[in-house]
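Values below: every heavy atom of this structure, side chains too, minus hydrogens, waters and symmetry copies.
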Amino acid sequence: RAKEGGRSTYAFFTRELDEQVARRMTVEGWLRRALDTGGVEVFFQPKISQPGNRIAGAEALVRLRHPDGALIPPAEFIPVAENTGLIMPLSALVLREACRCATAWRTGPHQDFVMAVNLSPRQFQQPGLADRIRAILQETATPPEALEFEITENLLLDNRPETLETLSELRRMGAGIALDDFGKEYSSLSYIKKLPVQAIKIDRSFIDGLPGDEDDASIVKSVLSLAQGLELRVVAEGVETRAQLDFLVGLGCSEFQGYLFSKPLPAVDMQTLLGQSDPFPLP
Ligand code: C2E
Ligand code: MG
Ligand code: MG
Ligand code: MG
């Protein structure tokens, strides 16, 4: 009986594995096709800053358009892109589109609009990342100050000196660097000291429980005071309710991103939002 159970467990796992492999190959196929046929789309989620709930910028978030019209979220295809090397052309496409929009949108009241673009650790493993970025900025006539690159702590796990050099080079060019998903993984505080970052984004998992969850509240409070001490900006990610917003404002947090304000939008809708004089009037 035990043996039989063992065997069927084994069979179960191999079937799971087969399915995972098949799924990954399917997604890889979609991704290759999308890269060739314009099926990679970039959405934008506004970043709101207090006071006044102004749109200070947006985060570029990639989507894949399935041949049947459905949108595939990045969690499904970024890992595949990373494992197949397709992350390189994919990221170049996202950056180019983000730059194109940022330059178009930095007019009138939005001259200081900042576009956030996520960088994957894989992009740092090939030499010349800063040069590749610089080339796209030149091609799209985008000033580096218009960009803020979002990195995650796992970028620093393999401790390559080249990574820090690349980040410093991006800083010297004038682009911003933000530490994304702060608190989600290892969050060694020594990283922050080592890194040329100007902003941290508090992971949405800590915003979730606000204002009721006392653990989340005290974590958010300490992150805010840490950031204040280090003179870093703080962005709260995943703000979904008015109660969360009020609580964060009460603690002195002044930048927000979340469904309370807006979901990620196609470029045309983001542009419409930027055309409104007071897009987020909160009573
Ligand atoms: P991220 O960089 O932390 O992006 C924020 C994610 O939180 C986005 O998910 C966004 O839609 C979601 N979000 C924002 N506000 C709320 C909220 O109020 N509630 C909830 N439940 N979710 C909210 P998305 O677009 O699915 O992206 C997931 C992750 O995929 C991103 O997390 C980022 O790590 C990665 N990603 C997205 N675009 C790119 C890209 O162009 N390049 C790379 N390397 N990674 C990307
Ligand atoms: Mg991000
Ligand atoms: Mg994040
Ligand atoms: Mg929680």
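By the neighbour-count criterion of 12 heavy atoms within 6.0 Å, atom CD of E231 is sparsely surrounded, having that number or fewer from other residues, nucleotides or ligands. More than 12 heavy atoms of other residues, nucleotides or ligands shown are found within 6.0 angstrom of CD on Q276.
When each of Q111, H110, M270 is paired with W105, the side chain to side chain contact (heavy atoms under 4.5 Å, CB included) condition holds for M270 and for no other.
With salt bridges taken as basic N to acidic carboxylate O contacts below 4.0 Å, none links E139 and R132. The pair E82-R122 does not meet the salt-bridge criterion, since no charged nitrogen lies less than 4.0 angstrom from a carboxylate oxygen. A salt bridge is defined here as a Lys NZ or Arg NE, NH1 or NH2 lying under 4.0 Å from an Asp or Glu carboxylate O, and D36 with R33 fails to meet this definition. A salt bridge does not link E148 to K201: none of the charged nitrogens lies less than 4.0 Å from a carboxylate oxygen. Salt bridge absent: R24 and E28 never bring a charged side-chain N and a carboxylate O closer than 4.0 Å. Taking 4.0 Å as the cut-off between side-chain N and carboxylate O, E165 and R160 do not count as a salt-bridged pair. Using a 4.0 Å cut-off between a side-chain N of Lys or Arg and a carboxylate O of Asp or Glu, R242 and D246 qualify as a salt bridge. In this structure, K184 does not pair ionically with E153, as no charged nitrogen and carboxylate oxygen lie closer than 4.0 Å.
For the pair R106 and F113, the cation-pi test (distance below 6.0 Å, angle within 45°) is failed.
Residues L170 and L119 are in side-chain contact: their nearest non-hydrogen atoms beyond the backbone lie under 4.5 Å apart.
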Using side chain to side chain contact (heavy atoms under 4.5 Å, CB included), reason through Q50 and F256 one step at a time and then give a plain yes or no. CA-CA 8 Å; Q50 289 268 343; F256 312 94; 3.3 Å; yes
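Side-chain contact of Q45 with Q257: a donor-acceptor pair under 3.5 Å is present, judged by distance alone.
In the hydrophobic cluster analysis, where Ile, Leu, Val, Met, Phe, Trp and Tyr join through side-chain heavy atoms closer than 4.5 angstrom, L157 is grouped together with L164.
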